Chemist: 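I have a structure I would like to understand better, so I am pasting it below and will then ask my questions one at a time.
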There are 4 protein chains.
Amino acid sequence: MFPIDVRDVRPIYEQIIDQIKEQVIKGILKPGDQLPSVRQLAGNLTVNANTVTKAYQELERQRIIETIRGRGTFIAVLPEKEVNKTKLEEIRKALKGNCIELHYMGFYKEQILEEVSKICEELIKED
Amino acid sequence: MFPIDVRDVRPIYEQIIDQIKEQVIKGILKPGDQLPSVRQLAGNLTVNANTVTKAYQELERQRIIETIRGRGTFIAVLPEKEVNKTKLEEIRKALKGNCIELHYMGFYKEQILEEVSKICEELIKED
Amino acid sequence: MFPIDVRDVRPIYEQIIDQIKEQVIKGILKPGDQLPSVRQLAGNLTVNANTVTKAYQELERQRIIETIRGRGTFIAVLPEKEVNKTKLEEIRKALKGNCIELHYMGFYKEQILEEVSKICEELIKED
Amino acid sequence: MFPIDVRDVRPIYEQIIDQIKEQVIKGILKPGDQLPSVRQLAGNLTVNANTVTKAYQELERQRIIETIRGRGTFIAVLPEKEVNKTKLEEIRKALKGNCIELHYMGFYKEQILEEVSKICEELIKED
DNA sequence: GTGGTCTAGACCACG
DNA sequence: GTGGTCTAGACCACG
C-alpha cells in the first residue's frame, strides 16, 4: 500500500504520516474513507503495530484522520487551514537547508524553482 | 558567531554545518579563511567540543573545509559541483514533505514558489 | 432522542448513561416512565445493541432504572442519596483536573465558579 | 516524587502529566527547573520508561516542558494562555458530568460551588 | 475485531 | 548519560 523504506533516515512512523497526508492532498484518500486497521496496515507493511499506532495518533492530533470507537479509523474532513508561525519558520529553515544543498550540487535559483514547481505540479490540484 | 539554538529540533552539529555552508555560499567566508579552533568555537557557542568536532569532520568529508596539521582549519576552495543522484532524491523527498506541510497551511503553488524564491534571492549570488 | 456523538472521546454507553441521568435530574424523565427497549434505542441511535445493554445494566446497578420481566424498562423512584466516599474522592480528582485545564486556558477562580454555576443553574432545580 | 496510583482508572502517563501541571500551577516547579530524566523518574515511580516518555512528549506538545538535546528536560516558560473552543466544550461536558454525579449524592448548587471553590483555593494563586 | 495502554528490552543519535 | 525509535507481546475497554 505505502512504499516504506526501512533504510530511510526518517523514522517509519513519519513515512507513514507523510504517505497518508500526500494521498489526502492528491485526493486519493477522501473524507470518510476508512483506513486499514492498525494491525492490518502493520501486517501489510511488515512493521510493528505500535509504529502504525504512533503514526495514526499523530495524524489524529493533526485532525487529518479520526478514530471512531470500535469501528475504525477514517479520513476526516480537511482541517481548517491555519498558519502556525512557529511551524512556518521551521519549514523555511528546512527549505533554506535544501536550497543550500542544491546549490552545492550546482543548482541556481532557476533550477531550484523548477524542481519545486515540478513537485507542486504533481502534488497540488489548484482549485 | 553563529546563532545556535539548543532548543531547535535539529542537532547542534547540523546547525553549525549549515551556518558555515551558508556563509561560504554567501561569500562571507572565502577559501583560505581560517576557522576558529574546535575549542574556541565550542567556548563561544557554549557547546560541547565533541559537537564542534563532529561538525568539522562532516564539513571536511564534504571538502568544504580542510585541516592543516599544526596550523588549523581553513575554508577549502569550492568543491567541484557534482550531482549525487541518491542525495538529490533525498532532497526532493524533503522538499515534497515541506510542500505538503505548506499546502496544509493553505499555500498553493504560487505562494510556495514565492517562498523558495525569496530564500534563493537572499542566499545565492548569480554569477 | 439523545444526541450521541460517535466521535466523542467518551464511550457511547457512557454518553447514554449521562443523557438519561441528566433527563432524570431535570425532571424530563420521571419515576415510572418507560424507556425504549434495548433494540428500539439501539435502532434510533444507530449503535450496537450491546452498547445500549451495557448502559442499561449500569443504570440498573445504580438503581436509576429498573427492568420488569416481560414488561420493559422503567425509571425507578429516585434512589436514596448517599455519599460514597471513594466516589466523592474520584469526582474531586476529576474536578481538580478540569480546574487545572481551565486555569491553563487563562481562567481564574471567579470564572471557573461562574462556569460551574451556569452548569448547575441549567441542571438542578432547587427544591 | 509523584503519587502514582496503578489502581486509578486514569492511565499512568495521564497521572504523571496532571501531577506536573499541578506542580507548575502551584509554583512548586518553575520555568527552567530540570525534571528528572526519563529513566530516573521511571525508576522512582517503578513504571516503564516508555510510560514516562509518553507523558513527557505530551507535556512538550503542550509546551509545558521542553527538551534540550543531551541535557535533559526542563519546565518551559508558561505558555500563552489561549482558549481552545473545542477543548472548552469538552471540559464543560466533563464538569456537567461531575455535577450530575454530585447531585445524585445529594449535593446542591451551593455545596458543589463550595467543593470547586476549595479546589481552586488550594490550586490557584491569584495574581 | 477495533484501538489504547503498558511492559521489557534493544539499539541509535546526540553531546 | 540524555532522549527517540522500534519491536514483540500482553492485557484491556469498547462495540
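The shown structure was predicted, so the numbers you read here are calculated from the model rather than taken from an experiment. The chains referred to below are lettered A, B, ... by the order of the sequence lines, with proteins before strands, and numbering in each begins at 1. Only heavy atoms go into these numbers, but all of them, side chains included; no hydrogens, no water, no symmetry mates.
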Chemist: Just the rounded figure in Å: distance from P of dC6(F) to CZ of R7(A).
Modeler: 16 Å
Chemist: Any side-chain N or O of T67(A) under 4.0 Å from OP1/OP2 of dT2(E)?
Modeler: no
Chemist: Side-chain N or O of T51(B) less than 4.0 angstrom from OP1 or OP2 on dC14(E)?
Modeler: no
Chemist: Using purine N1 to pyrimidine N3 plus N6-O4 or O6-N4 for Watson-Crick, or N1-O2 and O6-N3 for G-U wobble, both under 3.5 Å, which nucleotide pairs with dG9(F)?
Modeler: dC6(E)
Chemist: Set out, in order, the CA-CA distance, both residues' side-chain angles and the distance that settles salt bridge (Lys or Arg N to Asp or Glu O under 4.0 Å) for E80(D) and R63(D), then state yes or no.
Modeler: CA-CA 9 Å; E80(D) 288 294 312; R63(D) 306 203 174 280; over 6 Å; no
Chemist: Just checking, is any N or O donor in the side chain of Q34(B) or T73(B) under 3.5 Å from an acceptor N or O on the other one?
Modeler: no
Chemist: I need the CD-P distance between E58(B) and dG15(E), as an integer number of Å.
Modeler: 14 Å
Chemist: To the nearest Å, give me how far apart CG (L45(A)) and P (dT7(F)) are.
Modeler: 10 Å
Chemist: Which nucleotide, dG15(F), dT5(F), dC6(E), lies nearest any side-chain atom of I12(D)?
Modeler: dC6(E)
Chemist: State which of dC6(F), dT7(F), dC14(F) makes the closest approach to the side chain of P11(C).
Modeler: dC14(F)
Chemist: Does this structure show an ion pair linking E89(C) with R92(C), if we count only N-O contacts that are shorter than 4.0 Å?
Modeler: yes
Chemist: Choose from dT7(F), dG15(E), dC14(F) the nucleotide whose nearest atom is closest to any side-chain atom of R69(A).
Modeler: dC14(F)
Chemist: Go through the steps for K96(A) and D18(B) under the test salt bridge (Lys or Arg N to Asp or Glu O under 4.0 Å), then give the verdict.
Modeler: CA-CA 9 Å; K96(A) 185 155 129 184; D18(B) 286 355; over 6 Å; no
Chemist: Taking CD from E66(A) and C1' from dG3(E), how many angstroms apart are they, rounded to a whole number?
Modeler: 15 Å
Chemist: In whole angstrom, give the distance that lies between atom CG of L41(D) and atom P of dT2(F).
Modeler: 12 Å
Chemist: For dC14(F), which nucleotide in any strand shown is its Watson-Crick or wobble partner with both distances under 3.5 Å?
Modeler: dG1(E)
Chemist: Among the candidates dC14(E), dG3(F), dG4(F), find the nucleotide nearest to the side-chain atoms of Q57(D).
Modeler: dG4(F)
Chemist: Find which nucleotide of DNA chain F each of G70(A) and T46(A) is nearest to by heavy atoms, and output the residue with the more 5' nucleotide.
Modeler: T46(A)
Chemist: Could you state the atom-to-atom distance from CD1 of I17(C) to P of dC14(F) in whole Å?
Modeler: 10 Å
Chemist: Could you state the CD-P distance from E14(A) to dT5(F), rounded to the nearest angstrom?
Modeler: 8 Å
Chemist: At under 4.0 Å, does any side-chain N or O of K54(C) touch on OP1 or OP2 of dC14(F)?
Modeler: yes
Chemist: State, with a plain yes or no, whether a side-chain heavy atom of E58(C) is found less than 4.5 Å away from one of I64(C).
Modeler: no
Chemist: If you find the nucleotide of DNA chain E closest to V38(A) and the one closest to R10(D), which residue's nucleotide is nearer the 5' end?
Modeler: V38(A)
Chemist: Distance check needed: dA10(F) P versus N48(D) CG, whole Å only.
Modeler: 16 Å
Chemist: I'd like to know if R39(A) reaches the base of dG3(E) with its side chain, counting only an N/O donor and acceptor under 3.5 Å.
Modeler: yes
Chemist: Would you tell me if any nitrogen or oxygen in the side chain of Y13(C) comes within less than 4.0 Å of OP1 or OP2 on dG15(F)?
Modeler: no
Chemist: Spell out yes or no: do the side chain of N50(D) and the base of dG3(F) have one donor N/O and one acceptor N/O closer than 3.5 Å?
Modeler: no
Chemist: Take D5(B) and R10(B) through the test salt bridge (Lys or Arg N to Asp or Glu O under 4.0 Å) and record every step on the way to the result.
Modeler: CA-CA 9 Å; D5(B) 179 5; R10(B) 292 177 315 160; over 6 Å; no
Chemist: Does dG3(E) have OP1 or OP2 under 4.0 Å away from a side-chain N or O of S37(A)?
Modeler: yes
